[in-house]
Amino acid sequence: MTQPRPPKNLLTHLVTGIGYLTDPKSPPGKLFNRFETATSKVFDRLARSHTFLRIAGKGLNLGFMVRRSVTAGAEAWLHAWQAPTLGDVQAMRTQLRQLGDRLEVTQTQLELALDALARVEADLRATPRLPETP
């Protein structure tokens, strides 16, 4: 007796489709494997090319410099309008966190001091007093 199989969900269909498209025995899989082999060879040659690596490095450096200058310009405009920037907000959060930590330490120290004071007062009450002499 066979049990009825539950219907396939979207993920099952998707994985099955990807498996068919990349299987080396299927027509699209054969094409995919040839494409993958060719692009791997091209990227391997590019990764070993000093010229390409130099150009790519210069491009990345230029991109980082442009991003830094755009950020600096935006912060300058925000400061001109007297609006806080992300850096200002992060610095304020750091200061608030440090202030909270200091407050917590001070609170702990005060609690310890109050406990010590309570012990001293209890000791003073427990000791008998000598009568005062005139």
Does the side-chain contact (heavy atoms from CB on, under 4.5 Å) test come out yes or no for Thr39 and Phe35, once each step is laid out? CA-CA 6 Å; Thr39 55; Phe35 175 74; 3.6 Å; yes
Answer whether the closest heavy-atom distance between the side chains of Asn61 and Met65 falls below 4.5 Å. yes
How many angstroms lie between atom NZ of Lys30 and atom OG1 of Thr22, to the nearest 0.5 angstrom? 14.0 Å
First locate atom CG of Leu112, then atom CG of Leu117, and finally report the distance between them rounded to the nearest 0.5 Å. 12.5 Å
Reported CZ-to-CG distance for the pair Arg48 and Leu46, which is rounded to 0.5 angstrom: 11.5 Å
Is there a side-chain contact between Glu36 and Asn33, using heavy atoms and a 4.5 Å cut-off? yes
Any side-chain heavy atom of Tyr20 sitting closer than 4.5 Å to one from Pro27? yes
Considering the options Val89, Asp88, Leu96, which one meets the side chain to side chain contact (heavy atoms under 4.5 Å, CB included) requirement together with Met92? Leu96
Are Leu31 and Ile18 linked, directly or through other ILVMFWY residues, by side chains that come within less than 4.5 angstrom of each other? no
Flag yes if Leu86 and Trp81 sit in one hydrophobic cluster, no otherwise; membership is Ile, Leu, Val, Met, Phe, Trp, Tyr, and two members link when side-chain heavy atoms are under 4.5 Å apart. no
Look up atom CZ in Phe32 and atom OG1 in Thr37, then write down how far apart they are to the nearest 0.5 Å. 9.0 Å
OG1 on Thr16 to CG on Asp23, rounded to 0.5 Å: 12.0 Å
Got a sec: does the NE2 of His50 have more than 12 other heavy atoms crowding it under 6.0 Å? no
Nearest-0.5 Å distance that lies between atom CG in Leu60 and atom CD1 in Ile55: 12.0 Å
Salt bridge or not between Asp115 and Arg119? Use side-chain N to carboxylate O under 4.0 Å. no
Step through the shown structure and confirm whether more than 12 heavy atoms of other residues, nucleotides or ligands are within 6.0 Å of CD on Glu104. no
N/O donor-acceptor pair under 3.5 Å between Thr94 side chain and Gln90 backbone: yes
